[in-house]
There are 2 protein chains.
Amino acid sequence: MAELLLKERTAKPREKARTAGKGAREVRELLPLGQIIPGDCIEAMRSLPTASVDLVFADPPYNLQLGGDLARPDGSHVDAVTDAWDKFDSFAAYDAFTRAWLAEARRVLKPTGSLWVIGSYHNIFRVGAILQDMGFWVLNDIVWRKANPMPNFKGTRFTNAHETLIWASTGEKAKYTFNYRAMKTLNDELQMRSDWVLPICSGQERLKKGGAKVHPTQKPEALLYRVMLATSNKGDVILDPFFGTGTTGAVAKRLGRQWIGCEREAAYREAALERIELALPLDESAITTMQSPRSAPKVAFGTLVETGWIAPGAQLSDRKRRFAATVRADGSLACGAESGSIHGLGAKLQGAPSCNGWSFWHVEHEGAFKPLDDLRQLYLLATEP
Amino acid sequence: MAELLLKERTAKPREKARTAGKGAREVRELLPLGQIIPGDCIEAMRSLPTASVDLVFADPPYNLQLGGDLARPDGSHVDAVTDAWDKFDSFAAYDAFTRAWLAEARRVLKPTGSLWVIGSYHNIFRVGAILQDMGFWVLNDIVWRKANPMPNFKGTRFTNAHETLIWASTGEKAKYTFNYRAMKTLNDELQMRSDWVLPICSGQERLKKGGAKVHPTQKPEALLYRVMLATSNKGDVILDPFFGTGTTGAVAKRLGRQWIGCEREAAYREAALERIELALPLDESAITTMQSPRSAPKVAFGTLVETGWIAPGAQLSDRKRRFAATVRADGSLACGAESGSIHGLGAKLQGAPSCNGWSFWHVEHEGAFKPLDDLRQLYLLATEP
DNA sequence: TTTGCAAGTGAATCCCTAT
DNA sequence: TATAGGGATTCACTTGCAA
């Protein structure tokens, strides 16, 4: 494997040449969106234009270096990762492979894009050091704490109960996407931390064929869901160089993102395409994430009233319908003797120092009870140039 | 600092020469137990004998951005870090520093010793890759999940709520200490996992002088407590090359371990000595931990037969009574034409590569159907001095 | 229909001592 | 150093069948 991967490629012309001078829309039209490029990921990425991708999510081989067989205390056999794609001759060979695919990922990423890599202690230190050396700027290391890890059967070490993800921008000064509000909302109004507790992929979600798992290391969709919600926007292009059975593609489709995969194994590609075909995109309003105030285009509540999205006299409530208020023509709210802006009145009623009225107040809209922010997003979508 | 740290030292004679041929007791007498060696840790470690220490706990600096604190491997000064090249330069300097202190730690460690390093995403990937390159064998990466981390005030990233520790043995085949039972006991009879939830160091535990923190990154004693309880034994020698205000020393004293520190800053040394002076050693019985059966006194099955706990001719079965065997006078079992030890026959009958006869075979005893292991425990209780 | 028990399984660097 | 053999070792969750 490594021989093929590591041979010198600098002699070949870069795609950069073909895309130089092209506009963003033209570049995007060159992308194989919703497709899995067959073959080795480094070659596959070379076929993509420079600076064309918003997010790279990579789940490379971990180089586990497993010994012999392992049995559980009850004598049953542990089904280990023995696939050829996880075998490397040495750390040096693994490092060279890592540098090669990271270099292509870096070229393909937009300057405002970011990179995720997942790994374990077998490989993650090497990956992290190499990407730092290449100029990537680590933003966070994220710990996926597995709710249900495999135990250490022989009692020789601590239960290996987590994996590590590195999130990095393209450089120290680079801008990047981080949907702070969406994460805070997802985390029950507390800042999302660097440790995420999620179950491993099992049950119905786990792809099986003839009773056997299709891929030995399928990742849970919840993990990708959080990654994409946090660090990409609707419509963004997400590249997964180690596509496997397509968790990245399935979640991208659900969340209204575009995806591109690279995968060598035909069996994985087939399973992935079939799976993604079945994935259902979420409803528009469900995808819409809370925007941080800084990046959200400003929309005054009054504008929604002015433009008829919300009629004066409409009734608003909080999610649990403990409070109710009436919309007035100037965009202020009234509740009994109290009145104020959506934020001010929300705070006053709750006795809180402040309140985000966009998420606090809900309204009936097309038969559903939605936060005002959903309407604001719909308004923005409808009025976008 | 770095100028001193990184200059070539191979010309100086190693302590190895002075300790070659000495016995373990003589080597130990050369150790400055319960002392803090002043000065740069690499020089300090050079004064210690080879293969004399059971555990190294290191909390190295990770101020990669502070060029002024570091020098290039050739000793030249690194200017302010502004662009990618300087960044690389500063990484290279940090790497050289890391290799230098890890090399001394490796020399000083006994082959059966192990190493802990704590860090964050700024430095831990580099430390991990380097120690792997040096032949250390990573046993676990441990996530210290902070119960009360500092929030991310700017809302630009995930709350950095953890730090990472690497635990490594001196080599792939090296033996090492892991007190599995003690950890399981500490964790309410569940295997201790690789993610530890512990509060940060604050309140009474935090050393202060005139209201200000004495040390910016004082580690909680609970962290060291778990590290030492898990991977060292009573009386072991524990070295901390970045001693700071002496958390390692204080916990070592409490747990009946010997300690050696290295620290450059006189203010830290003073605070540490004062603090350790006040630390109270736990009494003998409190330090005693749950032992693995592996290190418990062994009982041969034949002994139970000899002493009449199980009579020759007794019938044994597995829990589901699929197999039956007869106990013979020499402590072997017979089942039809097959015979062997309790382990060997159990494996043979099941067609398994191995079998723990103590848990596999059951016997009627005082009206109940019990695994042999229960009888062994009763025997041990009855015969204990 | 619900509850309970048994069986299966997941990115795993998984034993130690005597001969 | 390689081999043989004693003997120590698991958590959370899912599925399927039995009661």
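A, B, ... follow the sequence lines: proteins, then strands. Residue 1 opens every chain.
Phe178(B) has its CZ atom 12 Å from the P atom of dC16(C), to the nearest Å. Rounded to whole Å, atom C1' of dC14(C) lies 12 Å from atom CH2 of Trp137(B). Arg145(A) has its CZ atom 17 Å from the P atom of dC11(D), to the nearest Å. If you take CG of Leu66(A) and P of dT13(C), they are 7 Å apart, rounded to a whole angstrom. We find that CZ of Phe91(A) is positioned 13 Å from P of dT13(C), with the value rounded to whole Å. A straight line from CE of Met192(B) to C1' of dC14(C) spans 18 Å, rounded to a whole angstrom. To the nearest angstrom, C1' of dA12(D) lies 15 Å from CG of Leu198(A). Rounded to a whole Å, the CE atom of Met183(B) is 15 Å from the P atom of dC11(D).
If you check distances only, the side chain of Asn356(B) does reach the base of dA8(D) with a donor-acceptor pair under 3.5 Å. For a distance-only test at 3.5 Å, the side chain of Arg157(A) qualifies as a donor-acceptor partner of the base of dT13(C). Within 3.5 Å, a donor on the side chain of Arg72(A) pairs with an acceptor on the base of dG10(C), or the reverse.
Nucleotides dT13(C) and dG7(D), compared at atom P, are 27 Å apart to the nearest Å. The gap from the C1' atom of dT1(C) to that of dA19(D) amounts to 12 Å, rounded to the nearest Å. Spacing of C1' atoms, dT10(D) relative to dG8(C), comes out at 13 Å, to the nearest Å. Taking the P atoms as reference points, dC14(C) lies 22 Å from dA12(D), given to the whole Å.
Side-chain nitrogen and oxygen atoms of Ser76(A) include none within less than 4.0 Å of the OP1 or OP2 phosphate oxygen of dG8(C). In this model, the phosphate group of dT10(D) is not approached by any side-chain N or O of Asn152(A) to a distance below 4.0 Å at OP1 or OP2. Taking 4.0 angstrom as the limit, His343(B) places none of its side-chain polar atoms (N or O) nearer than this to OP1 or OP2 of dG6(D). OP1 or OP2 of dT13(C) lies within a sub-4.0 Å distance of a side-chain N or O belonging to Tyr121(A).
No more than 12 heavy atoms of other residues, nucleotides or ligands sit less than 6.0 Å from atom CD of Gln204(A).
At a threshold of 4.0 angstrom between heavy atoms, the contacts of Ala71(A) with the nucleic acid are absent. Base engagement by Thr217(A) is indicated by at least one non-hydrogen atom pair under 4.0 Å involving a base atom. Contacts of Thr159(A) with the nucleic acid, taken as non-hydrogen atoms under 4.0 Å apart, are absent. In this structure, Cys201(A) reaches neither bases nor backbone, as no heavy-atom distance under 4.0 Å exists between it and the strands shown. At a threshold of 4.0 angstrom between heavy atoms, the contacts of Arg181(B) with the nucleic acid are absent. Residue contacts shown for Glu163(A) include a base, since a base heavy atom lies under 4.0 Å away. Contacts of Asn63(A) with the nucleic acid, taken as non-hydrogen atoms under 4.0 Å apart, are absent. Within 4.0 Å of Pro149(A), counting heavy atoms only, lies at least one base atom of the nucleic acid. Looking at heavy-atom distances under 4.0 Å, Leu139(B) makes no contact with the nucleic acid at all. Here Asn140(B) lies out of heavy-atom contact (under 4.0 Å) with every strand. Residue-level contact check: Pro60(A) touches the bases, meaning some heavy atom is under 4.0 Å from a base atom. Among the heavy atoms of the strands lying under 4.0 Å from Lys184(B) are primed sugar atoms or P, OP1, OP2 only; no base atom is included. Across all strands shown, Gly211(A) has no heavy atoms under 4.0 Å from either base or sugar-phosphate atoms.
For Thr156(A), the side-chain atoms get nearest to dC15(C) when compared with the rest of dT13(C), dG10(C), dC15(C). When distances are taken from the side chain of Lys154(A) to each of dA11(C), dT9(D), dG7(D), the shortest belongs to dT9(D). Residue Lys146(A) has its side chain nearest to dA11(C) when only dA11(C), dG6(D), dC14(C) are considered. Between dG6(D), dA12(C), dG7(D), one nucleotide has an atom nearer to the side chain of Val78(A) than all others, and that is dA12(C). Counting only heavy atoms from C-beta on, Trp358(B) has its side chain closest to dG7(D) among dG10(C), dG7(D), dA11(C). Which of dT9(D), dA11(C), dT13(C) sits closest to the side chain of Arg206(A) comes down to dA11(C). The listed nucleotides are dA8(D), dT9(D), dA11(C); the one nearest the side chain of Trp85(A) is dA11(C). With dG10(C), dC11(D), dA8(D) as the candidates, the nucleotide lying closest to the side chain of Leu190(B) is dC11(D). Of the candidates dA12(D), dG10(C), dT13(C), the closest approach to any side-chain atom of Ile200(A) belongs to dG10(C). When each of dG10(C), dT9(D), dA11(C) is scored by its nearest atom to the side-chain atoms of Met150(A), the top-ranked nucleotide is dG10(C).
Taking the syn range as angles within 90° of 0, the glycosidic angle of dT10(D) is outside it, so the base is anti.
Outside the 6.0 Å centre-distance limit, the rings of Phe301(B) and Trp361(B) are not counted as a close aromatic pair. Not less than 6.0 angstrom separates the ring centroid of Trp196(A) from the ring centroid of Trp144(A).
Salt bridge status for Asp74(A) with Arg72(A): absent, with no side-chain N to carboxylate O gap under 4.0 Å. Salt-bridge annotation for Arg145(B) and Asp195(B): absent, with no side-chain N of the basic residue lying under 4.0 Å from a carboxylate O of the acidic one. Between Glu270(A) and Arg275(A), no side-chain nitrogen of the basic residue sits less than 4.0 Å from a carboxylate oxygen of the acidic one, so the salt-bridge criterion is not met.
Here Phe153(A) does not pack flat against the base of dC14(C), since the 5.5 angstrom centre distance and 30 degree tilt limits are not both met.
Smallest separation of non-hydrogen atoms from Glu263(A) and Phe242(A): OE1-C, 4.1 Å. Nearest heavy atom pair, residue Phe243(A) against residue Ala272(A), reads CE2-CB, 3.9 Å. Across all their heavy atoms, Pro216(A) and Val81(A) have their closest contact at CB-CG2, 4.2 Å.
Side chain of Gln218(A) to main chain of Leu207(A): a donor-acceptor pair is present (N/O by atom type, distance under 3.5 Å, no hydrogens or angles).
A distance of 10.0 Å separates NZ in Lys219(A) from OG1 in Thr248(A), rounded to the nearest 0.5 Å.
The strand DNA chain C forms stems, runs of 3 or more Watson-Crick or G-U wobble pairs with distances below 3.5 Å, at C:2-10 with D:11-19, C:15-19 with D:2-6.
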